[in-house]
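The block underneath contains the structure these notes are about, expressed in structure tokens.
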Amino acid sequence: MAVVFAVNGERFELRDGDDPGATLLDFLRSRTRFTGPKLGCGEGGCGACVVLLSTYDATADEASHAAAASCLTLAHGLHHRAVTTTEGLGSSRDGLHAVHARLAGFHASQCGFCTPGMCMSLAAALAGADGKGKGAGPPPPPREGFSRLTSAQAERAVAGNLCRCTGYRPIADACKSFAADVDLEDLGLNSFWRKGDAHVSKLPPYKEGSIAAFPEFLKAEIRDSLSTDTPAASDMSTMSSWHRPRSVEEYYKLIAASHTSGTKVVAANTSSGVYRESELYDRYIHLTDIPELNSVSSDTEGLRIGAATSISRAIHILTTQGDGCKDVVFSNIAHHMEKVASHFIRNTATLGGNLVMAQRDEFPSDIATILLAAGSSVCIQVTSEKLNVTLDEFLEMPPCDNNTLLLSVFIPHSTPDSVSSSAGTVNMAGDNTATSLLFETYRAAPRPLGNAVAYLNSAFFAQVSSDGSSGGLILENLRLAFGAYGTQHAIRATDVEKCLVGKPVSASLLLEACRVLKKTIVPKEGTPHSAYRSSLAVAFLFSFLYPATKGNVKPAQAVGLNDYVASDTNGNSNCTHSVNLDVSHKETNCVKSGLNNNDHMLDSCKQIVEISKDYLPVGIPTKKVGAELQASGEAVYVDDIPSPEDCLYGAFIYSTKPLAHVNSIELDPSLEQLKTATVITVKDIPKEGANVGASTIFGPETLFGGPLTQCAGEPLGVVVAETRNFANIAAKRAVVNYSTETLDTPILSIEEAVRRCSYFETPPFLLPQKIGEFSKGMEEADQKIYSAEVKLSSQYYFYMETQTALAVPDEDNCMVVYSSSQCPEVVQNTIAQCLGLPCHNVRVITRRVGGGFGGKAVRSLPVATACALAAFKLRRPVRMYLDRKTDMIMTGGRHPMKICYSIGFKSDGKITALHVDLFINAGMTMDISPTIPHNFIEALKKYNWGAFSYDAKICKTNFSTRSAMRGPGEVQGSYVAEAIIEHVASALSTDAKLVRQRNIHTVESLALFHSECMEDALGYTLPSICNQLTASANYQHRLEMVQAFNKSSQWKKRGLSFVTIAHKVSSRPTPGKVSILNDGSIVVEVGGIEIGQGLWTKVKQMAAFGLGQLWSDQSEDLLERVRVIQADTLSVVQGGWTAGSTTSESSCEAVRRACGIMVDRLKPLKEKLQEKQGRVSWDGLILQAKMAAVDLSAREYYIPGASGSYLNYGAAASEVEIDLLTGATTILRSDLIYDCGQSLNPAVDLGQVEGAFVQGIGYFMSEEYVTNSDGLVTSDGTWTYKIPTVDTIPRQFNVELLNSGFHKNRVLSSKASGEPPLFLAASVHCATRNAIAAARKDIHCSVSGSSSPSFFELEVPAIMPVVKEMCGLDNVEKYLKTLVGPK
């Protein structure tokens, strides 16, 4: 039986010959023209693949819509469904949808790879809100141009989508522009209105019902199918590969007739995002057509939900039931479930599937934990026997196989007779028969709104009654459930329950319970942050029970118990009031601040830019070139290029050992059905070529390791197969035989590299000059600190588009390669060298890159080269698109470092001397590592250190190669400068801001430390920036407010910090080519690559300005005549590298000069024509120029002069709040001022500043880079590596671009914006340190035995376990001991 569905209104069919394991994303990208949905992770964790799924109910004649992750959704499971991709909303030719136009107009797309997914998440929210306006008695329609969404709902529409470029703020603004309750003036910079002139009529119009109309032909087919007898979908005689049983009995017939190893039972297939499969199945059994698994029923006992019910539907059912019967348990379960995964996963993932993963696969399920505390049970069928078992018993059973079918989940009502509402009242007069319910759920996770597995989750159910004799509360019935902490499955803490039940709740009893709990919650060996997870269990139990302790009950008043529960955004208490008690503010001192559904994530933010009209259209905040195409899915990235005929697909085989002999590489013989073509290894490199996979000025790097592999993650070969999925599976299951005889142990730490003197050489010309004599500076100091240490970890790029290339053999031994690279010219050189060809035989084309951040520079070279080698060898097109795990393991990232420093300073904070010993972990090859000491030291010199000396070592280790990442070396150097300042301030017991002010450069000291970047007093804007930010951010007042808050708050603390940057950038030589076509349209080519930074946008504006100089009155607007086209190494040569923040301005200057050449050619002709006919139009001029044989193409190679290096200035103040119970950090506010010179495009530069700052937040606060004992990366996907999301950025995010205008030697007075603002995110880390310092002043968070309690080194990143540990993993027990007193 065919599977029939629609995509953007078009009919598609799947039949038995089609791959049953193909995902919807595979189908869309290989079988349709709709490539808007992108493969970002393949795990359902990034949102790049989101589409809208629509289902039609023929009986009700209604369609429902929901977002879904197409990378997990199986295409065969879409029978009679309609799919809408971003192309289905609209297009540039047929008219953009308001979703597209508003995202583009709010400058919410940079590289654009995530934008189609953002559009569809928003579209799904809009369609869902539209649906609420249907049915009986619908609410009145929203205001014209708006939707039924609230601002809070609109923000949450994209809470599960990842973006690495924008910093999310403009995306949230675009979403909120649809909200009925929005104040448009609160929205940020956009292309629709100027500040103070906002009106909905200026927005692209939105009309309800404009999203995802269900196709009429599919409605008809659905009605026909209901009116006719359909054949059984599971007839085994057809040898079908896809089965849809219509009953439990039919399911078991299929199981009996199938081979278990080759059969996969699926409902939503979201488990494949958790457990990335390397298996192939020849048969799928799809469960969603079994009525019993979809049924929902309720009675006086409780609620029964079918196992195939989606989590989103379960949330709706529980919310409705909870509101209707005032069942606090149902309501709180629903509220907690909204923090499970993301909306586009919850919409398809099933309740039963989640529980089966928890039972069978040790999945750290939140749902299992909360249902366990609720006293739930499940109905299962084992072959012919149907069983009802408690959830505890189900979880303890042997792992389920296909013979066990979970049918339904039963959740009992929790409304005892004595409780008439969810806020039952304890009778404090002593009526022991009256009981009340208390039910709360908690989770501590890196992200507040889900899309992150919890470190620990818990749920607590209690029946409490008053004790007339003591006046306290007694726990009569108790269920304490914990999960996700490194355990096989969620458990009941029965020993703790026994400890507590039947006794009056008191501090001493709670302390005893915490001790028992610590012995119960013991993560299995090897669980990361195991002590932290145990401490969370204690913290949550304390949050649950402490308000009910005897000393805090005041019977005279009635106040909701949970008004003062200790909780946090990331460690929520999800409870409504369930016991009416008064809790003393002074005793608990905790404010509930968890994000609820109606809470705004983001406050009103300010963007202040000054628009310059000196060089129009340069300087105006135009929309990013191609933003609408990116939103509508029309923008073509490398993997969107249609596969040529006979195209093959490649996947890397990489080493899993850090140092070993590679004896052989073999494919798994059981995978013959994969149609694998071959394995390409070093042996396949032509004899004229060389084993070269990358090259820099410091030398070449091998393409394939072997016979000796140097690190885990080193490429050993490429599997080439007929499909991408086949290639990936074959590569994962390749058998590599290693041996380590005769080899030393690998070098897997900086310390070991130092011990064995394993270093790369640093060319002396790259080392900055030292300043003064360190020994003399130390003699002048009043105080000294010796041999202090800072360690910094790595950071992964997490560009949304992984490394990719397409190689197509061409005539005459040539090769055309489409590469997602920041340096196509170097790709060309490397491929030519590897294949032994002249460069003119290799043509590399790069149109746009889906995010780079330095990772698409050197690290893109091996991918393109391996792809070209495979195509050359097999004489067929080959494309490679690395899966996220392979990319994370092979590509490396930011350089880890160890820094030791000694410093001398005066009693007033003036620093007199600094010496730094710098140790850099470069990995196994040099890459660009020799430049890192220079970059680090230059960034460190942002303060006047007095006498300054250093020593730098680049360590060669057996880790994957580290490469340039946004601000390479400079991020670390700038941060270490702040860490040193903080240390000095701590030693002097003074505010670090005062120490910063004391050591900020004067014009004279700046000239000493940065002699190559001479700056006059007008150009040196940093002091005025600091003064301005101090005033505009109300720094002193807020500091006093923070101090007052910390004195009154016991379980939350705040910190405020202020940091600066004085950062040197250097321009590179860059080509530009301008051509005018016959019709007067203008084509521009540059060496720089559009990677999301707005290079094309600025270049387009510059070309229009440059050619517009022919008209002194600027009467000819040429902007829309200009098109910037892709980089082609056989068209524009010497393209160089797109890196270092300056390529945009260099490309602009090259184009400006090329335009100058053209103006010089055209000006005499224009003047001649003017004499004859008066005014001359552009079209008329170009027509005459063509007839006069004027050369209408000009090329210029811009070589920066003395002004090629200059300093960028900025400052930031950030305020954070930490939760001492969970370690969660909330960024309350960040204020930035950044000197952009005279911005070439303020919208583009603002986006760069915000995006860089948020990427820096990731480095300093959330992105934990983890490797195993062999150096193999284990934080290798969206499940384990957490970049910032919209719910983790500053709640109030204010940015000002300072238009200093004093930079006449720059390109039209502009300055770079791509990298320097990232360093300002250190303000968040420093503020967190200050908050921790405030906490450690309290006795229960003090660290005993510390020789210097006022100073501590805070790790980078300062993730939740780190913050909690610094505040004391045992702070709850310490606090309770102070209440209990000595025994």
Side-chain angles (χ1 to χ4, degrees), residues 38 92 104 107-116 163-166 622-641 797 799-801 803-805 818-827 844-857 860 966 1068 1070-1074 1082-1104 1119 1122-1129 1131-1132 1135-1151 1240-1241 1243-1245 1247-1248 1251-1252 1312-1315:
K38 303 288 190 268
S92 58
H107 311 295
S109 181
Q110 290 187 20
C111 87
F113 201 80
C114 72
T115 309
C163 173
R164 195 54 152 167
C165 297
T166 64
T622 60
K623 280 185 290 190
K624 181 183 180 296
V625 170
E628 288 102 337
L629 299 180
Q630 291 166 183
S632 63
E634 298 170 86
V636 178
Y637 298 81
V638 170
D639 198 52
D640 297 333
I641 299 170
Y797 305 98
Y799 27 60
M800 294 303 296
E801 172 202 48
Q803 302 281 0
T804 181
Y818 301 89
S819 174
S820 180
S821 176
Q822 295 174 232
C823 47
E825 179 196 8
V826 189
V827 173
V844 178
I845 297 171
T846 302
R847 180 175 295 180
R848 59 173 57 83
V849 173
F853 317 114
K856 299 281 181 70
S860 72
R966 202 173 194 171
R1068 293 183 177 86
T1070 308
K1073 180 180 176 183
V1074 178
I1082 302 156
V1083 174
V1084 179
E1085 297 175 77
V1086 290
I1089 304 301
E1090 176 58 62
I1091 56 177
Q1093 82 283 44
L1095 183 147
W1096 278 10
T1097 310
K1098 291 180 176 179
V1099 164
K1100 180 176 179 177
Q1101 289 173 274
M1102 185 64 81
L1119 187 63
V1122 180
R1123 176 180 292 276
V1124 186
I1125 64 171
Q1126 62 197 19
D1128 184 334
T1129 56
S1131 178
V1132 173
W1137 303 77
T1138 299
S1141 301
T1142 58
T1143 310
S1144 292
E1145 65 197 64
S1146 296
S1147 297
C1148 283
E1149 182 62 10
V1151 166
L1240 298 175
N1241 184 312
V1244 167
D1245 286 330
Q1248 287 293 286
S1313 61
E1315 291 172 305

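- Checked by atom type and distance alone, the side chain of Thr1129 pairs as donor or acceptor with a backbone atom of Val844 at under 3.5 Å.
- Atom CZ of Phe853 sits about 7.5 Å away from atom CD1 of Ile1091, to the nearest 0.5 Å.
- Contact of the Gln110 side chain with the Arg164 side chain is not registered, since no non-hydrogen atoms from C-beta on lie closer than 4.5 Å.
- Taking OG of Ser92 as the start and CD of Glu628 as the end, the distance is 8.5 Å to the nearest 0.5 Å.
- Rounding to the nearest 0.5 Å gives a distance of 11.5 Å between CG of Asp640 and CD of Glu634.
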Check against side chain to side chain contact (heavy atoms under 4.5 Å, CB included), Cys1148 and Leu1240: CA-CA 9 Å; Cys1148 283; Leu1240 298 175; 4.0 Å; yes
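- Ion pairing between Asp1128 and Lys1073 fails under the 4.0 Å rule for side-chain N and carboxylate O.
- Atom NE2 of His107 sits about 7.5 Å away from atom CG of Asn1241, to the nearest 0.5 Å.
- Note on Glu1090 versus Lys624: salt bridge recorded, some NZ/NE/NH1/NH2 to OD/OE distance being below 4.0 Å.
- Closest approach of Val1086 and Gly1072 over heavy atoms only: CG1-CA, 4.3 Å.
- When every heavy atom of Ala104 is checked against every heavy atom of Ala627, the shortest pair comes out as CB-CB, 3.8 Å.
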Derivation and outcome, side chain to side chain contact (heavy atoms under 4.5 Å, CB included), residues Val625 and Val1124: CA-CA 9 Å; Val625 170; Val1124 186; 5.9 Å; no
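- Listed for the Arg1068 side chain is a donor-acceptor partner under 3.5 Å among the backbone atoms of Ala1139.
- Closest of all the heavy-atom pairs between Pro1071 and Ala1150 is C-CB, 3.7 Å.
- Side chains of Thr115 and Gln630: a donor-acceptor N/O pair is absent below 3.5 angstrom, by distance only.
- Annotation for Tyr818 and Val638: closest pair O-CG1, 3.6 Å, computed over non-hydrogen atoms.
- A donor-acceptor pair under 3.5 Å is formed between the side chain of Glu825 and the backbone N or O of Gly1136.
- Distance check: Lys1098 NZ to Ser1147 OG gives 10.5 Å after rounding to the nearest 0.5 Å.
- Thr846 places a side-chain N or O within donor-acceptor distance of the main-chain N or O of Ser819, the cut-off being under 3.5 Å.
- Annotation: cation-pi pair Arg848/Tyr637 present, NZ/CZ under 6.0 Å from the ring centroid and within 45° of its normal.
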Verdict with supporting geometry, Leu1095 and Ile1089, side chain to side chain contact (heavy atoms under 4.5 Å, CB included): CA-CA 7 Å; Leu1095 183 147; Ile1089 304 301; over 6 Å; no
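- When all heavy atoms of Ala857 and Gln822 are compared, the pair lying nearest together is N-OE1, 3.7 Å.
- The distance from atom CZ of Arg1123 to atom NZ of Lys1100, rounded to the nearest 0.5 Å, is 8.0 Å.
- Looking at Arg966, its side chain does come within 3.5 Å of a backbone N or O of Gly1314 through a donor-acceptor pair.
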Criterion side chain to side chain contact (heavy atoms under 4.5 Å, CB included) on Gln1093 and Thr1138, from CA distance to verdict: CA-CA 10 Å; Gln1093 82 283 44; Thr1138 299; 3.6 Å; yes
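- Side chain of Ser821 to backbone of Ser860: no donor-acceptor contact under 3.5 angstrom is found.
- The shortest non-hydrogen separation linking Cys823 to Trp1137 is SG-CZ3, 3.5 Å.
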